[in-house]
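Read through the structure below, which is laid out as structure tokens, and then see the notes.
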Amino acid sequence: MMASSSFQLNGIPSVALRRRTKVSRNPNMEKLRNGYLFPEIAKRQNEHLEKNPDAKVISLGVGDTTEPIPNSIASAMAEYSLALSTVEGYRGYGAEQGNKAYVDSSIITGQTGYYIDNTVNKYGGIEYMKCSPENLFFPKDLSTVAATDVIFFCSPNNPTGHAASREQLEKLVEHAKRNGSIIVYDSSYATFISDDSPRSIYEIPGSKEVAIEISSFSKSAGFTGVRLGWTVVPEELSYSNGFSVLEDFDRIMCTCFNGASSIAQAGGLSCLSKEGQKAIQQVIDVYKENARVLMDTLSSIGLRTYGGINAPYIWVHFPGEKSWDVFNEILEKTDIIVVPGCGFGPGGEGFIRVSAFNRKERVREACRRLKNLFT
Ligand SMILES: *Cc1c(COP(=O)(O)O)cnc(C)c1O
């Protein structure tokens, strides 16, 4: 581009065009290793297929949904879309926070997104809480856990499939209060809970003063492609100076994100109807049955499994082994893809994650192969 000294682009002074120095990269970006796990799995899968072109690979890996969106919910989106082609039904921008038919003080988002990346970018680092079968996936003594500004907590958990108990969450809220931390609680898998584990952090008294909850229609209603989620920021949540976190959150969201697609929101509202809830439960029951069958198979061949009851993930322990070695062996001998636990953090070494998101027939076939491998 030719830049003259008086040239201005959208109000940016011409000096920005004349300078040749490049923008420096945010050094914290270096620390992000996200995005390495699934490409590496794909690479190994491709290599396997090159060696074994006839292999019928079954993926119990990537946590993407496979069941169709219930008809009533897809129809609600179709109807809304078609109405957009009429003068009466046409709508443009909606409220940035989302359709007000949803509850107050929540903000509808396109996605829950990957919060770790943003945190590493802002704060430059993260501390891991040690969660393993030995401590029931919750730190035994929270007083030894570093005091951080933000605590990310996902329950039911991806990858372990563990749903935190009421007692654990009470301890977490107490810990956040003691340290002045904000909990960001990811309840994207709450609809999979089948026992009396809390479905929301707000079931815990006092949590509104310390917790934001994020959630999504992705895993419950198969909205991984449609994209719709929400964030609840309680009015009770404030900074040390008393200022409302909700006000800042609203400001930032409305700047960075102009609101979720109105078509997706029509689908979301349909999910919340009585009929929608029933249809969603039927889809979830398919995945839960898959999880049950997988757990039965894995236990029957002598493996220790965790999760799988309140979540679509089974966390399988291979004591003393390396996750990637287990991954390779399973792929080579059964043409099944799983996810090596070490890819989720240091505590995952020696584990693999098995996903129940798949068609019923494929899960049954995967179980047959696994039985043959280990017996
Ligand atoms: C799948 C998933 C979500 C949902 O993410 P979207 O961006 O809403 O699709 C949120 N949190 C966790 C831990 C997940 O596994």
Side-chain angles (χ1 to χ4, degrees), residues 34-35 37-38 41 59-67 69 73 77 98 102 106-120 126 128-129 131 137 150-164 169 172 183-193 197-201 211-232 253 256-257 259-261 263-265 267-268 271-272 280 283-284 287-288 290-291 306-308 310-315 338-341 343-345 347-348 351-358:
N34 227 11
L37 178 63
F38 288 100
I41 291 174
S59 176
L60 303 177
V62 181
D64 197 359
T65 44
T66 51
E67 294 299 301
I69 294 174
I73 297 167
M77 288 188 275
Y102 295 95
S106 71
I107 292 185
I108 305 299
T109 57
Q111 61 208 59
T112 45
Y114 283 103
Y115 31 85
I116 302 292
D117 278 19
N118 287 322
T119 311
V120 175
I126 48 178
Y128 287 97
M129 287 202 280
C131 298
F137 300 100
V150 180
I151 302 166
F152 292 110
F153 198 89
C154 175
S155 178
N157 187 264
N158 175 8
T160 66
H162 176 79
L169 293 181
L172 188 71
I183 299 168
V184 175
Y185 189 82
D186 182 345
S187 64
S188 295
Y189 294 95
T191 43
F192 287 83
I193 293 178
S197 310
R199 283 157 196 251
S200 161
I201 188 72
I212 289 172
E213 184 161 315
I214 60 177
S215 199
S216 166
F217 288 106
S218 282
K219 308 301 162 48
S220 56
F223 270 32
T224 48
V226 173
R227 317 298 302 138
L228 192 68
W230 65 93
T231 303
V232 179
M253 280 303 289
C256 301
F257 175 76
S261 152
I263 301 170
Q265 291 190 64
C271 289
L272 300 179
I280 284 177
V283 174
I284 286 171
Y287 297 133
K288 286 171 80 86
N290 286 348
Y306 301 92
N310 292 321
Y313 300 119
I314 303 159
W315 191 233
V338 295
V339 181
F344 294 101
F351 289 86
I352 58 163
R353 188 192 77 177
V354 173
S355 162
F357 283 132
N358 214 323

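Numbering of ligands and ligand atoms starts at 1, following listing order.
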Which segment of Phe223 sits under 4.0 Å of ligand 1 when only heavy atoms are counted: neither
Relative to the heavy atoms of [X], which atoms of ligand 1 are at a distance of less than 4.0 Å?
X: Ser218; answer: 6 (P), 8 (O), 9 (O)
X: Arg227; answer: 6 (P), 7 (O), 9 (O)
X: Cys154; answer: 13 (C)
X: Ser216; answer: 4 (C), 6 (P), 8 (O)
X: Lys219; answer: 1 (C), 2 (C), 3 (C), 4 (C), 14 (C), 15 (O)

Exercise: identify the closest heavy-atom pair between Tyr313 and Lys219: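 Looking at all heavy atoms of both residues, the closest pair is OH-NZ, 4.4 Å.
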Separation between CD1 of Ile193 and CD1 of Ile284, rounded to the nearest 0.5 Å: 10.5 Å
Reported CZ-to-CD1 distance for the pair Phe223 and Ile69, which is rounded to 0.5 angstrom: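 Spacing of CZ (Phe223) from CD1 (Ile69) equals 5.5 Å.
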Partners passing side chain to side chain contact (heavy atoms under 4.5 Å, CB included) against Thr160 (at least two apart in sequence or in another chain): Phe137, Asn157, His162, Trp315
Tyr189 near ligand 1 by a heavy-atom separation under 4.0 Å: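 Within the 4.0 Å threshold, so yes.
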Any Gly229 heavy atom less than 4.0 Å from ligand 1: no
Any donor-acceptor N/O pair, Ser155 side chain to Ala164 backbone, under 3.5 Å: yes
Parallel, tilted or perpendicular: rings of Phe344 and Phe38 (30°, 60°): perpendicular
Pick from Asp186, Asp64, Thr65: the one approaching atom 13 (C) of ligand 1 most closely through a non-hydrogen atom: Asp186
Donor-acceptor pair between Ser200 and Ser187 side chains, under 3.5 angstrom: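 No - no donor-acceptor pair under 3.5 Å links their side chains.
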